Amino acid sequence: MREDANAEEDASLGAYRDRLVVELAQNAADAASAAGVEGRLLLRLLDDPAGGPGRLLAANTGTPLDAAGVQGLATLRASAKRDPATAVVGRFGVGFAAVLAVCDDPAVRSVPGAVRFSRSASADLLRSRGSAALVAEVDGRDGHVPALRLPFPAPDAAAVPAGYDTVVELPLRDADARAAVEALLTGSPGGVDDVLLLALPALAEIVVEVPGAAPRRLADVHERWRVLRRSGRHDPADLADRGVEDRRRLGWQLTWALPTAAEARTPGVVCAPTPTDEDLPWPAVLVATFPLGPDRRRIAPGRAADVLLDAAADAFCALLSELAGDGGDALALLPYGAAAGRVDAELRLRVLDRARAAPVLSAVERVDGAPMLLRPSSAVALTGAGADDPALLGALAPALAGLVAAPRAVDRLLTELGVTRLGLADVLDLLPGLDAEGSRELFAALAPLAADPSAREAMSGLPVPLLDGRRVHGARGTVLLDDPDLLGTQAAQVFAAHGLRVVDPAASQGPARELLSRLGAREGGAWAVLTDPAVRAAVVASPDAEDPDEVAAAVLDLVAAVIGSQPGSAAEEETVLRTARELPWLADLALPDVEDDLAPAGALLLPGTLAERAFDPDDVTPVAPETLQEWGSDVLRAVGVLSGPALTHVAELDLNDLDGADDAGLAGFADYVEDVWADLVEEGEALVADVVVVRDLDLVLDAWPEVLADLAGSPAGLQALTGPWTLGAHRRQGLVAWWLRRHGPLPDVSRAPDGAAPPWLPLAPEWVAPLPPLARRALGVLPDLASAGADDLPGLLRASAGSPPAAVDLMLLWALLGRSAQAAVFAAPQRFAALDAAGAVVVAEADDVVVVDSPAWAQRTDLGPRLLVPAAAATAVADLLELDLSSERGAGRLEHPAGETHPVPATVGVLAAGVPATWSQVTSLRCDGQPVRFWVTAEDEVIAVDPAAAACGLAQVAGAWPLRGALTELLTTDSPAAVLGAELPGLP
């Protein structure tokens with residue numbers, strides 16, 4: 001030890017108080033090192049019985065005080081510690097002079113002897129023995145002289161505590177000194193704590209005894225701190241700018257210590273080895289033999305300091321590697337951000353530079369349960385969503401080498417260290433194939449991110465394992481089976497060839513299923529898979545498949561699952577019918593027939609069924625017995641094998657797509673469109689929605705009563721038979737009823753056996769009676785003529801031309817024609833039943849027949865056989881039937897003498913609104929030379945030969961022809977009230 005004279009004489013002793021304990025501990029460590037024993041230090045504060053400030057005892061083990069030591073204490077700048085290899089710690093700090101911060105009379109006692117120092121005794125000695133000039137100097141200093149220059153013998157009153165070799169006794173100067181010592185001993189900065197033991201490795205134990213408190217023992221520091229120590233030797237050139245003693249000591253040491261307990265405290269400064277003023281706010285303690293400036297507070301810049309900073313950076317990275325190897329988070333300890341000072345900044349730069357190539361990162365992947373260490377340059381980390389999600393990283397790790405967690409707090413640091421950063425989309429794109437279990441774990445880990453739109457976008461290329469063994473990028477368009485046993489691998493491979501992408505059920509359970517669904521996979525059972533376009537494509541291609549039986553088995557398995565058919569059990573009938581009706585393309589599935597040749601399912605029939613009795617054997621044949629036995633009739637009917645009339649539901653049908661209708665087996669479709677929809681399909685797109693049709697009606701040869709009964713016996717069949725087709729605002733007769741009226745077993749119109757329809761209609765057979773009324777009407781079976789509708793008009797017109805009806809029946813027919821002409825569409829007949837000039841019913845060619853425009857033109861019997869339809873519908877009827885109007889055959893030139901104008905009574909307007917105010921009476925009237933009784937001109941002028949004829953003209957103008965008799969009375973009576981009362985009940 002030595003005393004710094006300048007510090008003693010010129011500096012404030014209070015500046016050394018915070019170094020007191022450190023210096024005492026340092027002396028103890030040096031003594032233990034010199035003796036090669038375990039260093040122990042006792043710090044005991046004793047009260048003064050007389051009430052003074054008390055004493056501090058510092059007892060230590062190790063080399064006792066000897067003559068050289070006394071000389072070192074008492075000389076100006078000489079230290080007894082000269083060995084450059086071992087004298088490392090003791091050459092720093094202020095040395096033994098630190099005791100003067102609290103004491104003026106320190107004493108050191110050891111086994112060989114004791115020595116004391118005293119400022120007052122030194123001053124007295126100088127006054128008694130010094131020269132006059134020296135005495136004057138002492139007096140000029142008010143008796144202030146160096147305290148550690150003159151050693152005095154020490155009494156033996158205070159013995160060395162048992163178990164120790166040396167004791168330093170410090171009688172405390174005053175109450176302030178006492179308070180300072182108590183603070184140091186109870187844990188204030190610079191006092192007694194773990195950092196002291198870390199800085200002095202030769203010191204294993206410190207015991208602190210303070211009056212009024214239990215003794216405190218510090219030991220086993222390595223149990224509370226992770227410690228890494230390094231040592232080395234300076235090149236002499238490194239110390240060229242240092243003092244003489246520093247240049248002699250080439251050895252250096254440093255210690256890094258990380259607390260293992262969260263509550264441990266670090267000094268926040270560099271320790272050299274005593275605390276300096278160089279801030280180091282790191283979670284670790286650095287103790288190193290840095291060269292210090294004259295104030296012992298700052299690290300002196302230079303080559304020696306740089307050597308130690310380099311060594312400290314190397315050691316810190318090594319310490320972090322050890323920590324990472326033990327499973328610790330080394331990344332969180334790497335310094336990053338703004339530095340607290342020059343030394344902090346220089347050390348940060350060095351550590352970060354070395355950390356790029358140091359194994360300080362723990363990979364997510366484990367090897368035999370232990371973390372695998374990575375250099376940042378070899379590591380990969382996610383950016384953005386999921387970057388530090390343990391579940392996600394754990395799922396990615398087996399397939400992504402070098403993956404590390406990237407918590408938000410160190411995101412920028414990882415980039416600074418050179419860690420490869422990848423977004424989630426890039427990571428998923430780089431992933432090699434995972435097995436089903438690995439994929440399920442990955443999907444489950446990704447599931448929490450599905451709520452984030454940007455994360456969903458990143459996962460759009462997620463690798464998804466399929467049941468057929470393939471792997472696709474992206475869940476959109478894949479199918480998640482409700483029943484994992486629905487499809488086998490072989491069936492999945494059959495449909496995969498046509499684009500079906502079924503997710504491997506082993507990869508899509510639990511949260512994984514939720515994720516895939518959010519990313520666009522569609523969930524579904526047997527129906528969802530069966531209706532997938534890929535299955536339809538497989539069915540269409542089945543005749544040309546390499547193994548048609550394999551395709552058939554895959555499809556039939558699906559159908560069996562849909563209808564719930566199990567071996568030996570019957571499926572629910574409606575499900576069977578619905579499947580065949582809603583999926584008519586299943587009828588294209590290639591199946592073996594009775595001759596073991598392949599045929600579409602729709603061209604096969606079930607033996608012993610109505611289909612075998614009714615359908616043309618040249619076009620349909622029985623299905624193979626083995627196929628029937630293996631799959632059962634329900635499954636085969638569901639795919640279109642015939643047992644009777646086959647119903648098909650069409651969600652949307654283009655009336656212009658004649659080829660598509662022909663492929664669907666819609667008999668007579670082209671003729672139907674031409675006959676019923678020709679006026680509309682020419683205008684462009686013509687889509688009919690939601691219709692039910694009967695497939696292959698043209699193949700029925702026999703058993704029509706059974707066929708129609710079967711058809712009308714189900715709701716869907718009845719809908720096919722009776723339901724109209726709708727195109728926009730137009731509703732017209734459906735295809736099935738139209739075809740049956742023209743090609744079925746009945747005339748297009750007939751009379752019911754038990755009805756009241758006229759005999760000129762053909763009689764329907766008795767087997768129609770059990771059919772539902774709606775079915776009979778759709779087939780044209782009429783209970784009476786009044787119940788006829790627009791769909792019956794073509795048949796009624798043809799029947800009336802074949803067997804002329806009574807005039808009253810014609811009137812009913814023409815009234816129906818007038819009501820329906822505007823909306824009806826059908827091919828015009830070539831012959832008509834009409835009225836001749838005498839009012840008799842005749843059958844005439846269409847070119848001869850006229851449609852009467854109005855009651856006035858009805859007087860013209862010279863223009864040809866007449867159809868007397870309601871005047872308002874005359875033009876529409878003529879257009880529909882492609883006939884002339886009466887006005888088109890006659891010029892309508894009137895000839896008559898001058899007449900007399902008569903007013904029209906107001907009472908006429910009460911019954912017939914819109915009549916003219918007057919009418920003209922003439923003695924004779926001709927139209928184109930033919931005598932007529934009245935006429936209505938284009939200007940609604942009524943010309944008549946008498947009031948009765950005038951009433952007819954007025955009724956025509958008002959559109960109230962049935963009121964012509966009442967109008968006659970109003971024109972001729974003097975009591976109109978009676979007439980109005982009869983026509984308008986309740987009139988007063």
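Since the model is a prediction, treat every value here as computed from it, not as a measurement. Nothing fancy with the numbering, it's 1 onward along the sequence.
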So do the side chains of [X] and [Y] get within less than 4.5 Å of each other, counting heavy atoms only?
X      : Y      : answer
Val351 : Cys317 : yes
Ser633 : Leu628 : yes
Thr609 : Leu642 : no
Leu556 : Leu591 : yes
Leu577 : Leu647 : no
Leu446 : Leu428 : yes

With sequence neighbours left out, what residues match [X] under side chain to side chain donor-acceptor pair (under 3.5 Å)?
X      : value
Asp690 : His649
Ser454 : Asp452
Glu416 : Arg356
Thr726 : none

Can you confirm whether Gln509 is buried at CD, in the sense that more than 12 heavy atoms of other residues, nucleotides or ligands lie under 6.0 Å from that atom?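 More than 12 heavy atoms, drawn from other residues, nucleotides or ligands, come within 6.0 Å of this atom.
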For Arg470, I'd like to know if atom CZ has over 12 heavy atoms of other residues, nucleotides or ligands within 6.0 Å. yes
Main-chain N/O of Leu374 paired with Ser378 side-chain donor or acceptor, under 3.5 Å: no
Ignoring hydrogens and geometry, is there a side-chain-to-backbone donor-acceptor pair from Thr260 to Arg224 under 3.5 Å?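 Yes, the answer is positive, given that a donor and an acceptor are paired below the 3.5 Å cut-off.
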Distance alone, cut at 3.5 Å: any donor-acceptor contact between the side chains of Arg637 and Ser643?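 Not at all, the side chains of Arg637 and Ser643 share no donor-acceptor pair under 3.5 Å.
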Between [atom1] of [X] and [atom2] of [Y], what distance do you get to the nearest 0.5 Å?
X      : Y      : atom1 : atom2 : answer
Ser508 : Leu481 : OG    : CG    : 7.0 Å
Arg412 : Leu417 : CZ    : CG    : 12.5 Å
Leu666 : Thr648 : CG    : OG1   : 7.0 Å
Arg471 : Leu462 : CZ    : CG    : 10.0 Å
Leu583 : Leu558 : CG    : CG    : 11.0 Å
Thr266 : Leu286 : OG1   : CG    : 11.5 Å

Could you give all pairs that pass the salt bridge (charged side-chain N to carboxylate O under 4.0 Å, His left out) test and reach residues 496-519, with sequence neighbours left out?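 Qualifying pairs, neighbours excluded: Asp482-Arg513, Arg513-Glu523.
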Can you pull the salt bridge (charged side-chain N to carboxylate O under 4.0 Å, His left out) pairs that have at least one residue in residues 323-340, sequence neighbours excluded? Arg226-Asp326
Trp282: what forms a ring pair (Phe, Tyr, Trp, His ring centres under 6.0 Å) with it, not counting sequence neighbours?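 Residues passing ring pair (Phe, Tyr, Trp, His ring centres under 6.0 Å) with Trp282: Trp256, Phe316.
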Counterpart residues, ring pair (Phe, Tyr, Trp, His ring centres under 6.0 Å), relative to Trp725 (two or more places apart): Tyr672
Please identify each residue that fulfils salt bridge (charged side-chain N to carboxylate O under 4.0 Å, His left out) with [X], with sequence neighbours left out.
X      : answer
Asp662 : none
Asp532 : Arg522
Arg350 : Asp306, Asp310, Glu346
Arg440 : none

Can you name the nearest heavy-atom pair linking Pro592 to Leu604, along with the distance? O-CD1, 4.1 Å
Assess whether a salt bridge exists between Glu574 and Arg581, defined as any Lys/Arg side-chain N lying under 4.0 Å from an Asp/Glu carboxylate O. yes
Do the charged groups of Arg421 and Asp411 touch, with an N to O distance under 4.0 Å? yes
Can you name the one residue among Leu487, Leu486, Thr478 that meets side chain to side chain contact (heavy atoms under 4.5 Å, CB included) with Leu467? Leu487
